Trainee: 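First the structure, then my questions, so here it is.
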Amino acid sequence: MMIAGIGCRKGVTARDVRAAIETALEAHGLAMTALSALATSEVKRNEEAIFLAGRDLDLPVLVIPNDALQAVSSSTISRSEESQAHAGTPSVSEASALAAAGKGARLLGARTVLGPVTCAIAISGDAP
């Protein structure tokens, strides 16, 4: 399973979200078809653009509970003081991707930042 974790500032557009996902996938030499789902934090539950992007891409959007984000936060690569203060994790995108991908998941690299959106790609522990 491959998950794109999404973090963003308030009021982003679905186009912003899709562009960040495409940029992150491109950085790892992956196609959009490799993704199983998008994931974000409870704090971003009301960011309509994330859900619109999921619908446009025909991918489910998983909202990850805060305790699940905190459980994987020590495994994130990036560290944002703003993210820590607002969401309780050093990287919403990385922690969301890791938590959604499940036990033994790993990030393919640090989050990609494209304007107001961050995207991190994680694969499940049973992926090659």
Side-chain angles (χ1 to χ4, degrees):
M1 175 185 324
M2 188 172 296
I3 305 291
I6 308 296
C8 64
R9 293 189 192 118
K10 288 182 180 180
V12 299
T13 67
R15 176 183 241 170
D16 293 334
V17 174
R18 287 193 314 270
I21 295 167
E22 290 166 1
T23 301
L25 287 169
E26 198 173 280
H28 299 294
L30 298 166
M32 191 67 73
T33 55
L35 289 178
S36 306
L38 307 182
T40 196
S41 71
E42 190 68 43
V43 152
K44 297 297 174 187
R45 175 180 287 287
N46 295 322
E47 286 299 329
E48 186 178 351
I50 297 171
F51 295 89
L52 289 173
R55 189 179 69 213
D56 291 348
L57 299 170
D58 198 28
L59 291 169
V61 178
L62 309 172
V63 177
I64 308 301
N66 292 332
D67 60 338
L69 291 180
Q70 291 171 3
V72 298
S73 286
S74 64
S75 297
T76 63
I77 298 168
S78 303
R79 303 276 181 232
S80 163
E81 294 299 322
E82 187 173 335
S83 178
Q84 185 68 53
H86 287 41
T89 182
S91 173
V92 167
S93 57
E94 292 177 13
S96 296
L98 285 168
K103 187 174 182 171
R106 66 180 174 86
L107 291 167
L108 297 185
R111 68 185 180 191
T112 297
V113 180
L114 188 64
V117 181
T118 62
C119 179
I121 309 296
I123 58 172
S124 60
D126 58 1

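Quick caveat, the model's predicted, so the values are computed rather than measured.
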Trainee: Provide the closest heavy-atom pair for Ala95 versus Thr76 in the form atom of the first, atom of the second, distance.
Mentor: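 Looks like N-CG2, 3.7 Å.
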Trainee: Does the side chain of Ser91 pick up a donor-acceptor pair with the side chain of Ser78 at under 3.5 Å?
Mentor: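 Looking only at side-chain atoms, Ser78 and Ser91 do not form any donor-acceptor pair under 3.5 Å.
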Trainee: Give a yes or no on whether Arg15 atom CZ has more than 12 heavy-atom contacts from other residues, nucleotides or ligands under 6.0 Å away.
Mentor: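 Not more than 12 within 6.0 Å, no.
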Trainee: Would you say Val92 and Val61 are hydrophobically clustered, going by side-chain heavy atoms of ILVMFWY under 4.5 Å?
Mentor: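 No, because Val92 and Val61 fall into different hydrophobic clusters, even though each may have its own neighbours under 4.5 Å.
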Trainee: For Gly109 versus His28, what's the shortest heavy-atom pair and its separation?
Mentor: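 The answer is N-CE1, 3.9 Å.
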Trainee: In terms of hydrophobic clusters joined by side-chain contacts under 4.5 Å, are Leu52 and Leu38 together?
Mentor: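 No: no chain of side-chain contacts under 4.5 Å links Leu52 to Leu38.
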Trainee: Quick one: are Ile123 and Met1 in side-chain contact, heavy atoms under 4.5 Å?
Mentor: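 Of all side-chain heavy-atom pairs linking Met1 with Ile123, none is under 4.5 Å.
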Trainee: Output yes when a side-chain donor or acceptor of Ser93 lies under 3.5 Å from a complementary backbone atom of Gly7, and no otherwise.
Mentor: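 No.
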Trainee: Between Leu35 and Ile3, is a side chain to side chain contact (heavy atoms under 4.5 Å, CB included) present by the stated rule, with each step listed?
Mentor: CA-CA 6 Å; Leu35 289 178; Ile3 305 291; 6.0 Å; no
Trainee: Is there a path from Ile21 to Leu59 through hydrophobic residues (I, L, V, M, F, W, Y) whose side chains come within less than 4.5 Å of each other?
Mentor: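 Ile21 clusters together with Leu59.
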Trainee: Let me confirm one number: the CG-OG1 distance from Leu57 to Thr33, rounded to the nearest 0.5 Å.
Mentor: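 So the CG of Leu57 and the OG1 of Thr33 are separated by 11.5 Å.
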Trainee: Quick check against the 3.5 Å criterion: does Thr40 have a side-chain atom that pairs as donor or acceptor with the backbone of Ile6?
Mentor: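 Confirmed, Thr40 side chain pairs with Ile6 backbone.
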Trainee: Applying a strict under-4.5 Å side-chain criterion to I, L, V, M, F, W and Y, I'd like to know whether Phe51 and Val43 cluster together.
Mentor: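 Per the 4.5 Å side-chain linkage, Phe51 and Val43 are not co-clustered.
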Trainee: Run the salt bridge (charged side-chain N to carboxylate O under 4.0 Å, His left out) test against Arg55 and tell me which residues pass, sequence neighbours left out.
Mentor: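 With sequence neighbours excluded, Arg55 shows a salt bridge (charged side-chain N to carboxylate O under 4.0 Å, His left out) to no residue whatsoever.
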Trainee: How long is the gap from CZ on Arg18 to CD1 on Ile50, to the nearest 0.5 Å?
Mentor: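 Answer for the CZ-CD1 pair, Arg18 versus Ile50, is 13.0 Å.
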Trainee: If you link ILVMFWY side chains whenever their heavy atoms are less than 4.5 Å apart, which other residues fall into the same cluster as Val72? By chain and number, please.
Mentor: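 Members besides Val72, by chain and number: Ile77, Leu98, Leu107.
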Trainee: Check whether any side-chain N or O of Glu94 sits under 3.5 Å from a backbone N or O of Arg111 as a donor-acceptor pair, and report yes or no.
Mentor: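 It does hold such a pair.
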Trainee: Verify, without hydrogens or angle tests, whether Lys103 (side chain) and Gly125 (backbone) share a donor-acceptor contact under 3.5 angstrom.
Mentor: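 No, the answer is negative, given that no donor and acceptor are paired below the 3.5 Å cut-off.
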Trainee: Test of understanding: clusters of I, L, V, M, F, W, Y form through side-chain heavy atoms closer than 4.5 Å, transitively. Do Leu108 and Leu114 belong to the same one?
Mentor: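 Cluster IDs for Leu108 and Leu114 differ.
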Trainee: Going by atom types alone, do Ser73 and Thr89 pair a side-chain donor with an acceptor below 3.5 Å?
Mentor: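 Judged by distance alone, the side chains do pair up.
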Trainee: Report the C-alpha distance between Leu62 and Ile64 in whole Å, list the side-chain angles of each, state the deciding distance to 0.1 Å, and finish with yes or no for side chain to side chain contact (heavy atoms under 4.5 Å, CB included).
Mentor: CA-CA 6 Å; Leu62 309 172; Ile64 308 301; 4.2 Å; yes
Trainee: Measure across Val12 and Ala49 and return the closest heavy-atom pair with its distance rounded to 0.1 Å.
Mentor: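 Val12 and Ala49 have their closest heavy atoms at O-CB, 3.2 Å.
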Trainee: Looking at every heavy atom in both Cys119 and Ala24, which two are closest together, and how far apart are they?
Mentor: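 Closest pair (atom of Cys119, atom of Ala24, distance): SG-CB, 3.7 Å.
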Trainee: With sequence neighbours left out, what residues match Glu22 under salt bridge (charged side-chain N to carboxylate O under 4.0 Å, His left out)?
Mentor: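 If we apply the salt bridge (charged side-chain N to carboxylate O under 4.0 Å, His left out) test to Glu22, skipping adjacent residues, there are no hits.
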Trainee: Would you say the side chain of Thr112 lies within less than 4.5 Å of the side chain of Glu26, judging by non-hydrogen atoms?
Mentor: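 With C-beta onward as the side chain, the pair stays apart.
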Trainee: If every non-hydrogen atom of Ser74 is compared with every non-hydrogen atom of Arg79, which pair is closest and at what distance?
Mentor: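 Nearest heavy atoms, Ser74 then Arg79: O-NH2, 3.7 Å.
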Trainee: Identify the two heavy atoms, one from Ser96 and one from Ser41, that lie closest to each other, and give their separation to 0.1 Å.
Mentor: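 Minimum heavy-atom contact is OG-N, 3.4 Å.
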